[in-house]
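Below, all heavy atoms of this structure are taken into account, side chains as well, without hydrogens, waters or symmetry copies. Atoms within a ligand are numbered from 1 in the order they appear, just like the ligands themselves.
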Amino acid sequence: MEEGRESWGTRVGFILAAVGSAVGLGNIWRFPYLTAKNGGAGFVFFYIFLLILIGIPVMIAEFILGRSSRRSPVQALSQAGENNWGGLGYLFVLTGFGILSYYSVVAGWAIKYTLDALGGILMQSDPQKYFESINTGGEAVFYHLLFMAVTTGIVLSGVKKGIERSVKLLIPLLVVLIAGLAIWAFSQPGSLAGYAFYLSPDFDVFINTYQVNIFGLSEFSLTFLNLSLLASAAGQTFFTLSLGMGAMITYSSYLSSDEDLIHESMIISFSNFGISFLSGLMIFPIIKAFNLSEAISESTLGTLFITIPKAFQQLGNFYWSSALSFIFFVCLMLAALTSAVSLLEVVTSTLMDEINVKRKPAAAGSGLAIFLAGIPAAISMKWLAKADQIAGHFLLMLGGFLMAIYVGWIMKGAFKELKKGLKTEEAILPWTILIRYIVPPALLALLCTFTWEISLELWALIGG
Ligand code: TRP
């Protein structure tokens, strides 16, 4: 390894950091919500299918890029071949910048909730009104600033001392807390109904059926795959695994050559899935026990922030309710923190590599810029939702699509890099097939679906 480049202290440190990046708001809030909305257990199976078909292969591609170049995304992409792919690296940095700017606002809400749960205010307020009073405006900006400051503090302290040390503490704590809440939820009277609501499969959501009537003469029905559902599931796969914007490239650039990249990517992906699944086991019994399941089907960003306090309030015991909601929002906060660290690390390490600044000013400068860029999201929920749709879905899939083409078809030495440290060479062939022939066309189809949907929205917006 060349001199001066930082590295992970231990293999476990790297795995925990990658799991910390993956496990975030996407697991506790998005996964259960998408599952409940899209057919329960059917969606869970489909999600695992996408994980294996698209998620794991793309993660391996990112690891190959990062470890072979030992550089942040822009240079990783321009170094690995003679051609001009560095631009894709800039797209990654832009995407990370965009995601963190609104992600931090949502994480800021979690800080506010945690403090008010502790102070007893949360359990005395009407959840809907409370959420509306804090989600935008001065307080939202303030907690967004606070969250960015903590995130910057960790990234500033470096790979080993900042990132690795914090995830080694935070990830085990997070798992214990979520598991604890899930066990408590299991003991609640309505828990079985909650599991049933969460997991009973409904496969009809995967297809759309249209009735076609030809001049009143004959009528028949046409059945299509529900592409929009598939696109949102694929978007979730990218978002939850932190793929498509170079976070995994950056983390693996601090890695040594004796790791088995395929093995590590499976450990990371399935740990991430396990925590998502566990979050569902925690959330649904709580919500169902208090008959609040209708609330989850309203597709607002605030579902979790309104429904969970409502459910805890109905427990009827002020101290218990406050304590449980405190633990819940601490989980959300911790999960968001270790993810935000990975997003900021991409921007920071790019500055370090590209214009040769030291870590401290690079982290502080990027943190400040992202705070400023996030102010609109802290003022308007509409902005926040749009930023999530564009940076958190579309750009990730676009980045993943281009990266699959690059690593699968263009990059020199990709296979050689993958072989280093690999325990089972038989795994190379399936990966090659997936990254070359399955991932690009699948993502292309979903990108088209997405573009189509966004155009329709724009069309409606300009009054078409
Ligand atoms: N994976 C995180 C979540 O589920 C969010 C996240 C962190 C992310 N780093 C990322 C998403 C990089 C996309 C790309 O909440």
Would you please indicate if the ring centroids of Tyr437 and Trp409 are separated by under 6.0 Å? yes
Is the positively charged end of Arg70 above the ring of Tyr254, judged by distance under 6.0 angstrom from the centroid and angle within 45° of the axis? no
Tyr102 and Trp383 aromatic centres sub-6.0 Å: no
Is there any protein N/O under 3.5 Å from an N/O of ligand 1, and what does the full list of such pairs look like?
residue	atom	partner	partner atom	Å
ligand 1	1 (N)	Ser21	O	3.1
ligand 1	1 (N)	Ala22	O	2.9
ligand 1	1 (N)	Phe239	O	2.8
ligand 1	1 (N)	Thr240	O	3.2
ligand 1	1 (N)	Ser242	OG	3.1
ligand 1	4 (O)	Ala22	O	3.0
ligand 1	4 (O)	Gly26	N	3.4
ligand 1	9 (N)	Ser242	OG	3.2
ligand 1	9 (N)	Ser342	OG	3.2
ligand 1	15 (O)	Leu25	N	3.1
ligand 1	15 (O)	Gly26	N	2.9
ligand 1	15 (O)	Tyr103	OH	2.6

Mind checking whether Phe450 and His393 have ring centres under 6.0 Å apart? yes
What class does the angle between the rings of Tyr198 and Phe284 fall in, given that below 30° is parallel, 30 to 60° is tilted and above 60° is perpendicular? parallel
Under 4.5 Å between any side-chain heavy atoms of Ile99 and Phe239, yes or no? yes
